[in-house]
Number of protein chains: 2
Amino acid sequence: MPQTNPGQLWKVGELAGRTGLTVRTLHHYDAIGLLSPSGRTGSAHGSGHRLYTAADVARLQQVLSLKALGFSLEQVSEYLSRGDYDPRQVVRLHLERVRAQAAELREITARLTALADALDRQEVVSADEFLNTIEGMTMLDKYYTPEQLEQIKARGEQVGEERIREVEAEWPRLMAAVQAEMDAGTDPADPKVQAFAHKWVSLVNEFTGGDPGITASLRKMYETEDRIHTMDVKAMRPMFEYMNKAFAAAGIKLPGA
Amino acid sequence: MPQTNPGQLWKVGELAGRTGLTVRTLHHYDAIGLLSPSGRTGSAHGSGHRLYTAADVARLQQVLSLKALGFSLEQVSEYLSRGDYDPRQVVRLHLERVRAQAAELREITARLTALADALDRQEVVSADEFLNTIEGMTMLDKYYTPEQLEQIKARGEQVGEERIREVEAEWPRLMAAVQAEMDAGTDPADPKVQAFAHKWVSLVNEFTGGDPGITASLRKMYETEDRIHTMDVKAMRPMFEYMNKAFAAAGIKLPGA
DNA sequence: CTTGAACCTCACGTTACGTCAGGCCGTACC
DNA sequence: GGTACGGCCTGACGTAACGTGAGGTTCAAG
C-alpha cells in the first residue's frame with residue numbers, strides 16, 4: 001500500500017489522481033525538463049517508475065501558478081531556473097490574478113443575467129447587450145501583459161512585505177490578550193472584549209481583502225480542518241466560539257456571514 | 001465613418017475590437033462554417049470584406065457561451081445546427097457554469113491565501129497544502145461531463161422556467177405600488193413602503209442568488225447605464241433613490257452594500 | 001485619382017498535450 | 001517462487017484552435 005508518512009513519495013498515477021492532472025501531462029513536464037521527479041524505482045538497466053517527492057510537489061504548484069498567470073511552459077522553465085525568484089511572490093501574483101478573475105466573473109454574471117432576463121421576456125435584445133457580454137467573456141481569458149505583471153509585483157512588494165509582517169505580529173498579541181480575558185471569565189459583551197472583537201475583524205478583513213466569499217471559505221476551512229500547517233486549529237476553537245459571542249454582542253458581522 | 005444605427009453592420013476589425021476577439025479567430029470561425037457573416041461588401045469578382053449583422057453578433061455570443069461550457073468548435077456547430085435548441089438555455093447554462101467557477105475561485109483564493117501565509121512565515125509547508133491548492137486549480141478548468149450538463153439543464157427547466165415568470169410578474173406590480181406611494185408623497189419610512197422595501201430586496205436576492213458580488217455588479221450597472229435593453233433605467237432612477245431611503249429607514253442592506 | 005489602413009486568401013507553424021502501440025515493472029495471490 | 005495483471009515505461013504520431021507571415025485587393029479619405 002502507498003505510504004502516508006513524511007518523506008512520502010508519489011508515483012505518477014497517484015500524483016495525477018491527487019492533483020487532477022493527467023499522467024500524460026506529468027510525462028510531458030518531465031520530457032521538457034520542466035518538472036522531473038527526484039527519484040525512480042529500482043531500475044538496474046530499464047527505466048524505473050517515476051517517484052515524486054514533496055519538493056517536486058511544491059515545484060509543481062509553482063509551475064501551475066505561473067501557467068495560470070499566462071506563462072508558456074517554456075517561460076515557466078526560464079522563470080524557475082533564474083535563481084532570483086521567490087515562491088511566495090509567485091503565489092501572491094497568482095492570488096492577485098484569481099481575485100481579478102473573480103471580479104470579472106461577477107461582471108460576466110451580471111451581463112449574462114441581464115441577457116437571460118431579456119431573452120426570457122422575448123424582447124428584442126440590442127446588439128450592444130450581446131457585445132458587452134462577449135467582451136466580458138473574452139476579457140476573462142486574457143493574460144497579463146509584462147507591464148501589468150511588473151506593476152502587480154511592485155505593489156505586492158511594497159504593500160505586502162512590510163504590512164504582512166505587521167499584521168502577523170499583531171495576531172499573537174491579540175490572541176494572548178483574548179485568552180487572558182477568557183481565563184479571567186470576562187463576559188464576551190464586556191467593553192474590553194468588544195474592543196478586541198473589532199480589532200479581530202479588522203485583522204481578518206485585512207487578510208481577506210474584505211471579500212465576503214473568501215471570508216466564508218476561510219471560515220469554513222477553520223471550522224472543518226483541525227490543523228493548518230503548524231497551527232493547531234482544534235485547540236483554538238474555544239477561542240473562536242468566545243469571539244463569536246463577542247461578535248454577536250457587538251452586532252458585528254464578518255463579510256461572509 | 002462606421003454606422004451606429006439599428007441595422008448596423010460590423011467589419012471584422014470592428015467586431016474584433018469591440019469583442020476582444022482577434023480577426024484571425026473570426027476568420028477561423030468563418031472558415032469552418034461556424035459563424036459566417038451574413039454580408040460582404042461590393043465584390044464583383046474578388047472577395048469583399050466581411051459584414052456582420054446584429055444576428056451574427058447574437059450567434060457569436062451563443063458560440064462563445066457554448067465554448068465556455070467546454071464544447072469543441074465542432075460540437076458547437078452541431079449544437080447550433082440542431083433546430084431544437086434554445087438560446088435562453090445556453091445563456092442559463094453558461095450562467096450556471098460561471099457561478100460554479102466563481103465558487104471554485106473562492107476555494108482557490110482560500111488555499112492560496114493559506115499557502116502565502118505559510119510561506120511568509122518560513123514554516124515547513126506540508127505537501128498536502130500544495131496538493132490541495134493544485135487540485136483546486138485543476139478543477140477550475142475542468143469542463144462538465146455530459147451527465148452534469150443534463151442535470152443542470154433539467155434543473156434549469158424545472159425550477160427556472162416557472163419561477164422566473166412568477167418573479168417577473170411581480171416586479172411590475174411592486175413598482176406600480178411604489179410609484180403610487182411616491183406620487184402620494186408617502187414617507188419612505190412609512191410601514192407600507194417598508195413592506196415594499198422588504199419585498200423588493202427579496203426579489204432582487206432571488207434574481208442574484210444572494211451573492212453580494214453579483215448584487216454589487218448589478219447595482220453598478222443600473223447606476224451607470226441609462227438603458228438596459230428596452231428598460232428605461234434613467235426614468236426609474238428617482239424610484240431607486242426613494243427605495244434607498246426606504247432601505248435605510250428599514251435598516252436593510254443589500255448583500256452588495 | 002491616389003494612398004494608406006484595413007481587408008482578403010492561402011498556407012505553414014505552434015502549444016500543450018491526447019491517443020495509441022508495444023513492451024516492462026511490481027506486488028498481490030496462489 | 002512462479003505468475004498474473006494493473007500500472008508504468010518510452011516512442012511517435014495526431015489534434016484543436018488558432019498565430020503568423022506572404023502576397024495581393026478594397027475602400028474611404030484627401
Side-chain angles (χ1 to χ4, degrees), chain A residues 1-3 9-37 39-52 56 60 63-79 137-138 140-143, chain B residues 1-3 9-37 39-52 60 63-64 66-79 137-138 140-143:
Chain A
M1 62 185 137
Q3 295 189 200
L9 296 173
W10 292 263
K11 304 211 282 186
V12 264
E14 287 164 10
L15 189 54
R18 182 63 218 280
T19 58
L21 295 168
T22 69
V23 171
R24 179 60 176 110
T25 296
L26 291 170
H27 278 179
H28 186 58
Y29 291 172
D30 187 5
I32 65 175
L34 176 55
L35 176 70
S36 299
R40 292 254 177 168
T41 61
S43 78
H45 61 304
S47 24
H49 294 187
R50 271 165 259 252
L51 292 175
Y52 292 86
D56 296 332
L60 181 56
V63 167
L64 295 179
S65 276
L66 287 167
K67 201 163 92 78
L69 284 165
F71 288 56
S72 73
L73 296 186
E74 195 181 338
Q75 288 172 319
V76 172
S77 278
E78 255 174 69
Y79 191 104
M137 296 186 208
T138 61
L140 184 63
D141 29 45
K142 271 197 175 127
Y143 296 115
Chain B
M1 66 186 135
Q3 295 189 200
L9 296 174
W10 292 263
K11 304 210 286 183
V12 265
E14 286 163 12
L15 188 55
R18 182 62 217 277
T19 59
L21 295 167
T22 67
V23 170
R24 177 62 177 113
T25 296
L26 291 170
H27 278 178
H28 186 56
Y29 291 172
D30 187 6
I32 65 176
L34 176 55
L35 176 69
S36 298
R40 292 253 178 168
T41 60
S43 80
H45 61 303
S47 24
H49 294 188
R50 271 164 259 253
L51 292 176
Y52 292 86
L60 181 56
V63 167
L64 295 179
L66 287 167
K67 202 163 90 80
L69 283 165
F71 288 55
S72 72
L73 296 185
E74 196 181 337
Q75 288 172 320
V76 171
S77 278
E78 257 175 66
Y79 192 104
M137 296 185 207
T138 62
L140 184 62
D141 31 44
K142 278 212 166 111
Y143 296 116

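Here is the naming used below: chain letters follow the sequence lines, and residue numbers restart at 1 for every chain. Here the structure is a predicted model, which is why all the values come from computation and not from measurement.
- More than 12 heavy atoms of other residues, nucleotides or ligands lie within 6.0 Å of CD in A:Gln75, so this atom counts as buried by the packing criterion.
- Residues B:Arg24 and B:His28 are in side-chain contact: their nearest non-hydrogen atoms beyond the backbone lie under 4.5 Å apart.
- With C:dC17, D:dA17, D:dT26 as the candidates, the nucleotide lying closest to the side chain of B:Thr41 is D:dT26.
- Residues satisfying the ring-ring contact (aromatic ring centres under 6.0 Å, His included) test with A:Tyr29, not counting sequence neighbours, are none.
- Closest to the side chain of B:Ser72, out of D:dC18, D:dA17, D:dA12, is D:dA17.
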Distances under 3.5 Å between protein N/O atoms and the N/O atoms of nucleotides 2-7 of chain C, please, pair by pair.
residue	atom	partner	partner atom	Å
C:dC7	OP1	B:Gly13	N	2.8

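- Within the 4.5 Å cutoff, the side chain of A:Leu15 has no heavy atoms near those of the A:Leu21 side chain.
- In this structure, the side chains of A:Arg40 and A:Arg50 come closer than 4.5 Å at one or more pairs of heavy atoms.
- In this entry the distance linking CD of B:Glu78 with P of D:dA16 reads 13 Å, nearest Å.
- OP1 or OP2 of D:dC18 lies within a sub-4.0 Å distance of a side-chain N or O belonging to B:Tyr29.
- To the nearest angstrom, P of D:dA17 lies 4 Å from CG of B:Leu73.
- Distances from the side chain of B:Arg40 to the nucleotides C:dG26, D:dA12, C:dC8 place C:dC8 closest.
- A close approach under 4.0 Å does occur between a side-chain nitrogen or oxygen of B:Thr22 and OP1 or OP2 of D:dG19.
- Counting to the nearest Å, the P atom of D:dC9 and the OH atom of A:Tyr52 are 7 Å from each other.
- We find that CG of A:Asp30 is positioned 14 Å from C1' of D:dG11, with the value rounded to whole Å.
- In this structure, CG of A:Leu26 is placed 10 Å from P of C:dG18, rounded to the nearest angstrom.
- As a whole-Å value, the separation of B:Trp10 CH2 from D:dC27 C1' is 20 Å.
- One interatomic measurement links the two molecules: CZ of B:Arg24 to P of C:dC8, which rounds to 12 Å at whole-angstrom precision.
- For A:Ile32 and C:dC17, the CD1 to P distance is 8 Å, given to the nearest whole Å.
- Listed by chain and residue number, nothing satisfies the salt bridge (charged side-chain N to carboxylate O under 4.0 Å, His left out) test with A:Asp141 (two or more places apart in sequence, or in another chain).
- The side-chain contact (heavy atoms from CB on, under 4.5 Å) test with B:Tyr52 singles out one residue from B:Leu26, B:Leu9, B:Leu60, and that residue is B:Leu26.
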